[in-house]
Amino acid sequence: MKWVGLMSGTSLDGVDAALLESDGETLIRFGPGLERPYTVDERKVLQAAVDAALQWRWQGEAPGVFADAEAVLTTTHAEAVEAVCAKAGLAPSELDGVGFHGQTVLHQAPRDGVAGRTLQIGDGQALSRRLGCRVVFDFRSADVAAGGQGAPLVPVYHRALAEWSGLERPLGVINIGGVANITHIAADGTLTAFDTGPGNGLIDAFIEAHTGEDMDKDGEIAARGRIHEAAFAEFLSNPYFAAPGPKSLDRWDFSLDAVRNLSLEDGAATLTGLTAKTIALGVAALPDAPERLVLCGGGRRNKTLAELVSAATGLKVYCAEALGWRGDLVEAEAFAFLAARVMAGLPYTWPGTTGVATPMGGGRVVE
Ligand SMILES: Nc1ncnc2c1ncn2[C@@H]1O[C@H](COP(=O)(O)OP(=O)(O)OP(=O)(O)O)[C@@H](O)[C@H]1O
Ligand SMILES: CC(=O)N[C@H]1[C@@H]2OC[C@@H](O2)[C@@H](O)[C@@H]1O[C@H](C)C(=O)O
């Protein structure tokens, strides 16, 4: 029951990899975990694939750059697995397998009766050949084909983690990645989940455009700025935020237009406030108020954001590490857990998490 989970997120910072011992229901042991950062050149190829996908939108031939990006994904993800296995004193062939999320290049949520579509590039066959072990991949397609949102998928793992930590229910877990998503675990374990809105994605893009840096480290720039009410209201007028869940987003669903003319500090403050406000709107839409919120994903390190989330929700906010979780590795661990669930024939999406009619599994397996 040894799995390595792999996640490459919308920030394109690198491959997160983690070893997890689990049968897909209980967490038995956490193994080593790490991030294998992308080089500048690797990141350029992946960004080119995302940019090409946004132009393509499933019209006509798939962009040729997808093949180049998949080759980068195979090499980088194999290196990440080999590095984790080396730390664990294992060969990849000794694993039960690898859970390979791949790289999301396009996500179109179902809307007004039009089925959704999602695309995570990543060649599971090539990765399996390179590693000499089983690979489970393409986790989202079955749910979307069944009319679901295809995201978020980590909620079932958040519940397993909360059980492992013995946390009181109801509990809220917020992942702050490029996009932010919330998981609600009710007293009886029922899961409710959806994407709340932008996470770090808009903040990172704004900072990068103004300073060349790739983030607002510790939220220091936003702390020096002021929320610009007009821009804030313009963002919040997007009907997505008032819509009930289940709902999901593409990282590129929002633009920076409303903050383009603001100062570095005020733009950062406005975008950070937007992430906090839309998380609070998500919490307010939950079936019952959670006792506390756990923050995971890289955005939990943004002190200004964490403070704003606590102020906007009026809830106690815990950083994942305060509960013994590995905040940067939760998503990678989740794909190890999901791979174990696929092999055990267990569901990983529900009506309350993606809107599918009945609980369902999915995934493709290469032996
Ligand atoms: N010290 C920090 N201060 C502020 N922000 C931080 C800090 N460390 C990380 N971050 C933010 O976290 C991001 C990386 O987090 P993460 O890896 O969860 O994003 P992601 O991979 O895009 O996630 P997802 O796949 O869920 O979109 C960075 O791009 C940055 O915005
Ligand atoms: C289509 C896609 O890749 N969505 C991501 C994105 O990043 C965060 C949020 O939006 C989440 O819904 C999802 O990833 C996490 C791993 C999930 O499926 O739970």
Side-chain angles (χ1 to χ4, degrees), residues 5-16 35-38 43 46 50 53 99 101-109 116-122 138-141 143-144 148-158 173-183 191 193-208 213-223 245-254 268 271-272 275 282 295-307 319-320 326-335 337-338 348-349 353-354 362:
L6 295 167
M7 179 66 195
S8 174
T10 54
S11 63
L12 299 180
D13 44 1
V15 186
D16 294 333
E35 180 189 42
R36 190 284 193 187
Y38 288 131
R43 185 174 174 163
L46 297 178
V50 170
H101 173 264
Q103 185 67 50
T104 294
V105 290
L106 264 185
H107 184 74
Q108 199 173 290
R117 301 193 76 163
T118 191
L119 180 59
Q120 284 72 48
I121 57 173
D138 195 16
F139 287 92
R140 301 184 192 279
S141 303
D143 184 87
V144 169
Q149 297 283 330
L153 300 185
V154 292
V156 67
Y157 181 62
H158 287 158
V173 182
I174 313 260
N175 165 67
I176 308 180
V179 168
N181 52 284
I182 190 167
T183 297
L191 291 171
F194 48 86
D195 289 348
T196 56
N200 311 303
L202 291 180
I203 303 169
D204 288 357
F206 182 79
I207 297 296
E208 192 157 10
E213 295 297 313
D214 60 4
M215 68 175 78
D216 175 9
K217 194 145 177 37
D218 302 335
E220 285 173 2
I221 298 173
K247 56 184 180 175
S248 63
L249 286 169
D250 184 305
R251 152 73 184 80
W252 310 97
D253 278 345
F254 296 94
L271 293 171
T272 307
T275 293
L295 295 190
C296 40
R300 78 188 183 288
R301 291 205 172 86
N302 184 325
K303 292 187 182 59
T304 307
L305 177 55
E307 284 160 13
C319 182
R326 301 186 291 189
D328 286 325
L329 294 174
V330 166
E331 289 187 330
E333 292 166 357
F335 282 89
F337 190 71
L338 291 174
Y348 55 81
T349 61
T353 62
T354 64

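Atoms within a ligand are numbered from 1 in the order they appear, just like the ligands themselves. Because the structure is predicted, anything quoted here is derived from the model rather than measured.
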### Query
Looking only at distance, does G178 have an N or O less than 3.5 Å from an N or O of ligand 1?
yes
### Summary
Numbered in order shown, the ligand 2 atoms found under 4.0 Å of a heavy atom of A151 are 12 (O)
### Task
Please answer whether the main-chain N or O of L106 pairs with a side-chain N or O of D250 as donor and acceptor at a distance below 3.5 Å.
no
### Task
Determine, using heavy atoms of T10 and all atoms of ligand 2, whether some pair is separated by less than 4.0 Å.
no
### Message
Check whether N302 reaches the backbone of T304 with its side chain - one donor and one acceptor, N or O, closer than 3.5 Å.
### Response
yes
### Query
Quick one: which ligand 2 atoms are inside 4.0 Å of a heavy atom on V154?
16 (C), 17 (C), 19 (O)
### ligand 1 to G297 polar contact by distance, N or O atoms, under 3.5 Å
no
### Query
Does R300 pair with D328 as a salt bridge, N-O distance under 4.0 Å?
yes
### Task
Tell me which protein heavy atom sits closest to atom 17 (O) of ligand 1, plus the residue, atom name and distance to 0.1 Å.
D13 OD2, 3.4 Å
### Message
How long is the straight-line distance from OG of S11 back to OH of Y38, given to the nearest 0.5 Å?
### Response
9.5 Å
### Query
Looking at atom 8 (C) of ligand 2, what's its closest protein heavy atom, distance included?
N181 OD1, 3.3 Å
### Query
How close does the nearest protein non-hydrogen atom get to atom 23 (O) of ligand 1, and which residue and atom is it?
G177 CA, 3.3 Å
### Task
Quick one: look at T104 and ligand 2, take heavy-atom pairs under 4.0 Å, and tell me if it's side chain, backbone, both or neither.
side chain
### Task
Provide, to 0.1 Å, the distance between atom 25 (O) of ligand 1 and the closest protein heavy atom, together with that atom's residue and name.
G9 CA, 2.9 Å
### Query
Counting both backbone and side chain atoms, is some N or O of L153 under 3.5 Å from an N or O of ligand 2?
yes
## Note on the structure
closest protein heavy atom to atom 13 (C) of ligand 1 is N200 ND2, 3.5 Å
### Task
Identify, by atom number and element, the atoms of ligand 1 in contact range of K217, meaning under 4.0 Å from any of its heavy atoms.
1 (N), 3 (N)
### Element-labelled atoms of ligand 1 that are located less than 4.0 Å from some non-hydrogen atom of V179
27 (O)
### Message
What verdict does the side chain to side chain donor-acceptor pair (under 3.5 Å) test give for Q120 and D138, after you've listed the backbone C-alpha separation in whole Å, the side-chain angles of each residue and the deciding distance to 0.1 Å?
### Response
CA-CA 7 Å; Q120 284 72 48; D138 195 16; over 6 Å; no
### Query
Would you call M7 a ligand 1 contact, heavy-atom distance under 4.0 Å?
yes
### Message
Suppose we measure from atom 7 (C) of ligand 1 to each protein heavy atom; which comes out shortest, and what is that distance?
### Response
M215 SD, 3.3 Å
#### Entry: Side chains of V156 and L338 in contact at under 4.5 Å (non-hydrogen atoms)
yes
### Task
Check H158 against C296 and note the closest heavy-atom contact, atom names and distance.
NE2-SG, 4.0 Å
### Query
Within the structure, does D214 bring an N/O atom to less than 3.5 angstrom of an N/O atom in ligand 1?
no
### Message
Using a plain distance cutoff, I'd like to know if D195 has any nitrogen or oxygen under 3.5 Å from a nitrogen or oxygen of ligand 2.
### Response
yes
### Task
Can you see which heavy atom on A306 is nearest to which on L295, and at what distance?
CB-CD1, 3.9 Å
### Message
Students should be able to answer this: which protein heavy-atom is nearest to atom 28 (C) of ligand 1, and at what distance?
### Response
D204 OD2, 3.6 Å
### Task
Can you measure from OG1 (T183) to CZ (F194) and round to the nearest 0.5 angstrom?
9.5 Å
### Query
Evaluating non-hydrogen atoms only, which member of D328, N302, D218, T272 is closest to atom 3 (N) of ligand 1?
D218
### Query
Which ligand 1 atoms are under 4.0 Å away from a heavy-atom of D216?
3 (N), 4 (C)
#### Entry: ligand 2 N/O within reach of V179 N/O, cut-off under 3.5 Å
no
### Task
Looking only at protein heavy atoms, identify the closest one to atom 10 (N) of ligand 1 and say how far it is in Å.
G298 O, 3.3 Å
### Query
Out of Y348, F337, F139, which one pairs with Y157 under the ring-ring contact (aromatic ring centres under 6.0 Å, His included) rule?
F337
### Message
Quick test: of every protein heavy atom, which one is nearest to atom 19 (O) of ligand 1, and how far off is it to 0.1 Å?
### Response
S11 OG, 3.5 Å
### Message
Tell me which one of T349, T118, T353 satisfies side chain to side chain contact (heavy atoms under 4.5 Å, CB included) with D143.
### Response
T349
### Euclidean distance, D216 CG relative to I207 CD1, rounded to 0.5 Å
4.5 Å
### Message
Please list the nearest protein heavy atom to atom 16 (C) of ligand 2 with its residue and the distance rounded to 0.1 Å.
### Response
E331 OE2, 3.4 Å
### Task
Would you indicate which of Q108, Q103, R140 comes nearest to atom 4 (N) of ligand 2 when only heavy atoms are counted?
R140
### Message
Please check whether N175 reaches ligand 1 - meaning an N/O of the residue sits under 3.5 Å from an N/O of the ligand, judged on distance alone.
### Response
yes
### Query
Do you see a donor-acceptor pair shorter than 3.5 Å between the side chains of H107 and R140?
no
### Message
With side chain to side chain contact (heavy atoms under 4.5 Å, CB included) as the test, pick out the partner of L249 among V179, T196, N181.
### Response
V179
### Query
What part of E331 sits under 4.0 Å from ligand 1 if we count only heavy atoms: the side chain, the backbone, both or neither?
side chain
### Summary
When rounded to the nearest 0.5 Å, the distance separating CG of N200 from CZ of R251 is 9.5 Å
#### Entry: Any donor-acceptor N or O pair under 3.5 Å, side chains Q149, S248
yes
